[in-house]
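Notes for the one structure printed next.
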Amino acid sequence: MIFSKATFLRSYSGVGQIKEATVPEFAFIGRSNVGKSSLINALTSKKDMAKTSSKPGKTQLINFFTIEDRVHLVDLPGYGYAKVSKKLREEFEGLITEYLLGSEGLFIVFVLIDAAIPPQRIDLEFIAWCGEHRVPIGIVFTKTDKKKPKQTEAHMTAFETEIGQFFEELPVIFETSATTKRGIETLEQWIVEQMEELGR
Ligand code: GTP
Ligand code: MG
């Protein structure tokens, strides 16, 4: 599977529009501005296939990209940032919830976590929510280039400790940077391995 052969498939504003799943979907979610679109571009060696922005909230639809009709990469809208916990339910209602709970094709959702900042409550609560609803997740730390290595490590370790409370076994975890490309090949390789295990 050649990731650079990825192309934009289409955007959806509702899950009802999504046709029957034909290929496994690997989705990406996280707080707005965490680097979802940048990660998808890094994975597929594109400059701006997924639109990136320094302004939060750029991705407001569910965007599907296809790699040779074998895998779909799904760019989900950001779940907002610094929202208080009471607002959380409303945040997750709507498009994201509908997709995560309703999509037939979803194989895993990668939850992107900014490694340049300490653990954020909204991320922890989102991950707990996924656990409760049996939504399969992986963790992808982003922006590992942004702070000093020691600080980055401390943020990631703290985060893993926090989510350790929700899981008997930690989800799969990747450490990436769209800027330096750290961890990008590892993530690609993992996706390829999952496809092989699925016999696809
Ligand atoms: P929304 O679609 O708005 O939810 O944002 P997003 O999660 O898709 O983030 P996007 O990829 O647009 O990136 C947001 C900002 O972070 C941009 O200014 C990127 O250049 C920057 N950024 C993304 N990845 C990295 C990274 O690995 N390292 C650094 N230093 N900056 C990054
Ligand atoms: Mg985006």
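Note that ligands are numbered from 1 as they come in the structure, with each ligand's atoms numbered from 1 the same way. Quick note: numbers below take in every heavy atom, side chains included, and nothing from hydrogens, waters or symmetry partners.
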**Prompt:** Does Asn33 reach ligand 1, in the sense of a heavy atom lying below 4.0 Å from it?
**Reply:** yes
Any nitrogen or oxygen of [X], main chain or side chain, under 3.5 Å from a nitrogen or oxygen of ligand 1?
X: Asp145; result: yes
X: Ser32; result: yes
X: Thr179; result: yes

**Message:** Distance alone, cut at 3.5 Å: any donor-acceptor contact between the side chains of Asp114 and Thr142?
**Reply:**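 No donor-acceptor contact under 3.5 Å links the two side chains.
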**Ser38 neighbourhood, listing ligand 1 atoms whose heavy-atom distance to it stays under 4.0 Å** = 10 (P), 11 (O), 13 (O), 19 (C), 23 (C), 24 (N)
**Request:** Any atoms of ligand 1 less than 4.0 Å from a non-hydrogen atom of Gly35? List them with their elements.
**Result:** 6 (P), 7 (O), 9 (O), 10 (P), 11 (O), 13 (O), 23 (C)
**Met1 side, atom CE; Glu196 side, atom CD - distance, nearest 0.5 Å** = 8.5 Å
**With Phe26, the side chain to side chain contact (heavy atoms under 4.5 Å, CB included) member among Val71, Ile67, Ile40** =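 The single option meeting the side chain to side chain contact (heavy atoms under 4.5 Å, CB included) with Phe26 is Val71.
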**Asked** Considering residues, nucleotides and ligands other than Glu185, do more than 12 of their heavy atoms fall under 6.0 Å from its CD?
**Response**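 Atom CD in Glu185 is not crowded, with 12 or fewer foreign heavy atoms closer than 6.0 Å.
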**Request:** Assess whether atom NZ of Lys5 is packed by more than 12 heavy atoms of other residues, nucleotides or ligands within 6.0 Å.
**Result:**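 No, because the 6.0 Å sphere around NZ of Lys5 holds 12 heavy atoms or fewer from other groups.
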**Item:** N, O or S from Ser38 under 2.8 Å to the Mg ion (ligand 2)
**Value:** no
**Message:** Any carboxylate oxygen within less than 4.0 angstrom of a Lys/Arg side-chain nitrogen, looking at Arg31 and Asp123?
**Reply:**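 Yes, Arg31 and Asp123 are salt-bridged.
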**Fill in**
Among Arg31, Arg182, Lys36, Lys143, closest by heavy atom to atom 32 (C) of ligand 1 is Lys143
